[in-house]
Amino acid sequence: MRPGVAELLYLIAAVCFILGLKRLSHPGTAVSGNRLSAIGMLLAIVVTLFDRAILSFEMIAAGMVVGSALGLWMARAVKMTAMPQMVALLNGFGGAASLLVGGAEFLRSELVGQNLSLDTSITIQLSLLIGAVTLTGSLVAFAKLQELMSGRPITFPGLQALNAAIFLAIVALSVYQISVPESLLWPFYAVCALSLVLGILLVIPIGGADMPVVISLLNSYSGIAAAMTGFVIRNDVLIISGALVGSSGIILSQIMCRAMNRSLTNVLFGAFGGGSAGGSTKTAEGLSVRQVGPEDAAMQLGYAQLVIVVPGYGLAVAQAQHLVRELGDLIEKRGGEVKYAIHPVAGRMPGHMNVLLAEANVPYDKLYDMDAVNGDFERADVALVIGANDVVNPAARTDPGSPIYGMPILNADSARSVIVLKRGMGSGFAGIENELFYNPKTSMLFGDAKNSLAKLVSELKTLS
Amino acid sequence: MLETLIAGIVIFTLATFLGVELINRVPTTLHTPLMSGANAVSGITVVGAMIVAGSGHGWISTVLGTAAVILAMMNVVGGYAVTDRMLQMFRRKPGAR
């Protein structure tokens, strides 16, 4: 290839990524956007095959076949409920790839005794650090989401001081490495090892409820790691795409934090949900809940003009999305209107609940964001809360002592009546009592969400 | 040597701002496919991995590079395929069953 041609083709690939993201702004154009982005990737890969530095193709071909097969298998096999784990794992792989490329470049220079230029040396250190933190941080997030380890925050006194010390040690070692002309092995291994440990220690104190933020943030890191690799091998398409991914992760983390009314610092270092976080004095003593049977609940739903469904993660865990759709169809057939109110942190990652409902064929124009639907609760006859808890807890508005005080919530309590489908009286992910359940206009339908919904559907069918 | 670094920083900064503009237009309903799709894009590291794996600078480079190609390709193929799978579910016409 003539000099410059490869660069121009890489630029076209970058433009494909940008246009692909742009087309993601509407569900109707999103499929083609994603495919355009994939075409850009294919172009970048093909152009790279013509790179003069590449002398043998066997290992590249082998790696591509193995990686593609595994990736395709994962994408086919994964359940929609497990999407957060899959994204966490993929983030980790991205980080690992950056770590390996940075490491290989460094080891090559050490082997041939070549002195690295200042900028290459700096960016190699950065790609080692960010790649390694992304790798182990993502693996811990994966383990928590997959419930291979407890979702509870794991923390101990001095953890943050230890993290700070490790980080400073990494910086000191990197600066030393950069300042000496030759490439030294021991600081290299130390930086890799310490960064891997740092990734673990940064994520273990974060509770399961805060995983949406962590995944978004790690997504961002994996982008930045790719950009750093771009600096190391001096390739602009890596820098551009890395920056795009980096900004996407940061924006999503911000949206998640805003939805929980917490700062990023608080999420990362607050060890929320450990049981010690509760400053609230409100307990359920002396209050009673009103139970309702499926027949009465179905009656209420059957004669409602407007039903707003508030789905929570409990719905997804029970795999009851399809029954919700069926219930919604029945209500609509009887002349009622059904809307779905989606809180930003309703699932385990940004937009997770929307995917789960879309999988069950709920049309996306019936899914409403919190801000779009909150005004409608007043004229709703029934707010049907399924497996959701903290996102409808009025304490967020009224009780300054509550750990979730100030968090924007769905105004389910302003509906004319509320039906809550819940397994039992256990508290939510944040471990807080919910006074909505004791509200006189609330009736509780206890049981597994799938069972309860099946009963509601069959009761509603008999209603004439 | 520092000129290329500076040029890279310029590109990185501008692309970040572009990213912010683009991502802010993605509706919340598509945030999960956005993340998996972005993940696939960050698999662009495969370009670096291929160069390392194929440049014949000793077995260490080849082994590390090949491992990086595998990981990055999982990112690319897995990311795009799963995003496509999700977006197909959103494509159904509103109201149509």
Side-chain angles (χ1 to χ4, degrees), chain A residues 17 21 24-25 27 30-31 34 38 48 53-56 59-60 63-64 66-68 70-72 74-75 87 90 93-94 96-98 100-101 104 107-108 111 117 119 219 222-223 226 229 231 233 236 238-241 243-245 247-248 251 350-352 354-355 358-359 363-365 369, chain B residues 1 5 8 11-12 15-16 19-20 22-23 25-26 28-32 34-39 41-42 44-45 47-58 60-62 64-84 86-87 89-91 94:
Chain A
F17 297 151
L21 274 179
L24 223 54
S25 61
V31 175
N34 184 52
T48 309
I54 297 183
L55 304 173
S56 69
M59 294 313 279
I60 295 178
M64 296 210 130
V66 173
S68 306
L70 288 173
L72 205 59
M74 274 176 79
V87 169
L90 289 178
F93 292 160
S98 299
L100 289 171
V101 173
L107 289 173
R108 181 174 64 86
L111 208 67
S117 67
D119 55 336
N219 196 31
S222 76
T229 313
F231 280 104
I233 62 162
D236 291 343
L238 265 78
I239 299 179
I240 295 172
S241 11
L244 292 173
V245 178
S247 50
S248 113
I251 291 176
H352 192 195
N354 305 70
V355 170
E359 190 192 14
Y364 61 79
D365 58 347
D369 291 349
Chain B
M1 279 304 178
L5 179 63
I11 293 171
F12 181 77
T16 303
V20 170
L22 288 170
I23 308 300
R25 278 169 216 200
V26 178
T28 39
T29 205
L30 292 182
H31 274 169
T32 294
L34 166 67
M35 286 184 81
S36 57
N39 218 306
V41 173
S42 76
I44 186 72
T45 323
V47 167
M50 287 165 69
I51 294 173
V52 171
S55 55
H57 288 298
I60 299 180
S61 285
T62 309
L64 295 184
T66 308
V69 170
I70 294 176
L71 291 166
M73 275 318 275
M74 285 174 77
N75 226 337
V76 169
V77 176
Y80 281 123
V82 86
T83 307
D84 194 65
M86 279 190 273
L87 291 175
M89 304 187 315
F90 281 100
R91 193 154 65 162

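The chains referred to below are lettered A, B, ... by the order of the sequence lines, with proteins before strands, and numbering in each begins at 1.
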Less than 4.5 Å to any heavy atom of chain B: does that hold for the side chain of A/L111, its backbone, both, or neither?
side chain
Could you report the tightest heavy-atom contact between B/A38 and A/N219, atom names first, then the distance?
CB-ND2, 4.2 Å
Among A/A97, A/G94, A/A30, which residue forms the greatest number of heavy-atom pairs with chain B at distances under 4.5 Å?
A/A97
Between A/I251 and chain B, with a heavy-atom cut-off of 4.5 Å, which part of the residue counts as in contact: side chain, backbone, both or neither?
side chain
Heavy-atom pairs under 4.5 Å with chain A, option from B/G54, B/A81, B/G78, B/S55 with the top count:
B/G54
Residue selection (most heavy-atom pairs with chain B, distance under 4.5 Å) from A/I233, A/V66, A/V355
A/V355
Counting heavy-atom pairs under 4.5 Å to chain A, which of B/A68, B/A67, B/G65, B/S36 comes out on top?
B/A68
Residue, of B/A53, B/G48, B/G79, B/G56, that accumulates the most heavy atom pairs under 4.5 Å with chain A
B/G48
Part of B/V41 lying under 4.5 Å from any heavy atom of chain A:
both
Interatomic distance, B/M73 atom CE to A/M64 atom CE [nearest 0.5 angstrom]
4.5 Å
Any side-chain heavy-atom pair from A/L21 and B/L34 closer than 4.5 angstrom?
yes
Closest non-hydrogen contact found for A/V87 with B/N39 is O-ND2, 3.5 Å
Partner residues of B/T32 under the side-chain hydrogen bond (donor to acceptor under 3.5 Å, both in side chains) criterion, sequence neighbours left out:
none
Exactly one of A/V245, A/I240, A/L244, A/L238 clears side-chain contact (heavy atoms from CB on, under 4.5 Å) with B/I44, and that residue is A/L238
Would you please name every residue forming a side-chain hydrogen bond (donor to acceptor under 3.5 Å, both in side chains) with A/T48, sequence neighbours left out?
A/Y10
Please report the shortest heavy-atom distance between A/P27 and B/F90, naming the atom on each side.
CB-O, 4.1 Å
Using non-hydrogen atoms only, which part of A/T229 is less than 4.5 Å away from chain B: side chain, backbone, both, or neither?
side chain
Please look at B/I51 and chain A and tell me whether the side chain, the backbone, both or neither of the residue comes under 4.5 angstrom of a heavy atom of that chain.
both
Out of curiosity, B/S42 OG to A/L90 CG, how far, rounded to the nearest 0.5 Å?
8.5 Å
Please state whether the side chain, the backbone, both or neither of A/I60 comes within less than 4.5 Å of a heavy atom of chain B.
both
Separation between CG of A/L70 and CG of B/N75, rounded to the nearest 0.5 Å:
12.5 Å
Any idea which of A/G67, A/A53, A/S248 has the most non-hydrogen atom pairs under 4.5 angstrom with chain B?
A/G67
Structural part of B/V52 lying under 4.5 Å from a heavy atom of chain A:
side chain
A/N34 portion near chain B, given a 4.5 angstrom heavy-atom threshold
both
For chain A, which candidate among B/T62, B/L22, B/V47, B/V76 shows the most heavy-atom pairs at distances under 4.5 Å?
B/V47
Checking A/M74 against chain B: side chain, backbone, both or neither under 4.5 Å from a heavy atom?
side chain
Counting only non-hydrogen atoms closer than 4.5 Å, does B/T83 touch chain A with its backbone (N, CA, C, O), its side chain (CB onward), both, or neither?
both
Backbone N or O of B/L30 within a donor-acceptor pair of the A/N354 side chain at under 3.5 Å?
no
Residue pair B/S61 / A/L107, side-chain heavy-atom distance below 4.5 Å
no
Mind checking the NE2-NE2 spacing from A/H352 to B/H31? Nearest 0.5 Å is all I need.
15.0 Å
Minimal non-hydrogen separation, B/T45 against A/S98, with atom names:
CG2-OG, 3.8 Å
Would you name the heavy atoms of A/F231 and B/F12 that are closest together and state the gap between them?
CZ-CB, 4.2 Å
Which bit of B/I60 comes within less than 4.5 Å of chain A, counting heavy atoms only: side chain, backbone, both or neither?
side chain
For A/G71 against B/V77, the heavy-atom pair lying closest together
C-CG1, 4.4 Å
